[in-house]
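In what follows, a structure is listed as structure tokens, so that the remarks can point back to it.
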Amino acid sequence: MLLDFLLSHSDRGFSVEELYESLCITYPTDRVPGKSTLYRLIAKLVSEGLVKRFSGEHGRQFAYQIIVCDECDAHLHLKCTSCGCLYHMDHAVSQRIIHEVFNRSDFSLDEKETVLFGICKGCQKRQKP
Ligand SMILES: [Zn+2]
Ligand SMILES: [Zn+2]
């Protein structure tokens, strides 16, 4: 159930809290596992590499998102703080950014952990009057 849900929402990340609420809306509540079970299941999926864990914006809870491509360890991700969608940055662009940062600041970015926060195209459009 959890995998099905994550797969059909593979474009965004969820905190366990959000996952629980969304599962309750999508499935009959008596079939939805409790939050502590969800934490365990998610941790298992993360250790199996099926789900990726991102730090939440502003140090909030972690967000979990299913991995649909197997190259997520090699590019940066963009997270929209408005709708919560997570975008996979173009490979070439993210390599260029990593390279630039390293060249100019002698700082080696961790592409697995780095998420850039901002507002996605759809939300920018929606926010315009
Ligand atoms: Zn990715
Ligand atoms: Zn957005």
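For ligands, and for the atoms within them, numbers begin at 1 and follow the listed sequence. What you see below is based on every heavy atom in this structure, not just the backbone, and it leaves out hydrogens, waters and symmetry mates.
- Here the rule is side chain to side chain donor-acceptor pair (under 3.5 Å) with His77, and of Gln65, Lys52, Glu111, His88 only His88 fits it.
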Under 3.5 Å, which donor-acceptor pairs do the side chains of residues 36-49 form with other protein atoms, sequence neighbours left out?
from  : atom 1 : to    : atom 2 : distance (Å)
Lys44 : NZ     : Glu48 : OE2    : 3.3
Ser47 : OG     : Lys44 : O      : 2.8

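- Annotation for Phe14 and Phe5: closest pair CZ-CE2, 3.7 Å, computed over non-hydrogen atoms.
- Geometry at the Zn ion (ligand 1): ND1/His88 and NE2/His77 form an angle of 110°, nearest 10 degrees.
- Apart from Ile25 itself, the hydrophobic cluster it occupies contains nothing, where clustering links Ile, Leu, Val, Met, Phe, Trp and Tyr at side-chain heavy-atom distances under 4.5 Å.
- For the ring-ring contact (aromatic ring centres under 6.0 Å, His included) condition, the pairs that include at least one residue of residues 90-113, sequence neighbours left out, are His75-His91.
- Within His75, NE2 is the N, O or S atom that lies nearest to the Zn ion (ligand 1).
- Atom CD of residue Glu18 and atom NE2 of residue His9 lie 11.5 Å apart, to the nearest 0.5 angstrom.
- The nearest pair of heavy atoms linking Gly13 to Lys79 is O-NZ, 4.5 Å.
- For the Zn ion (ligand 2), protein N, O or S atoms closer than 2.8 Å were enumerated as Cys80 SG, Cys83 SG, Cys120 SG, Cys123 SG, with waters left out.
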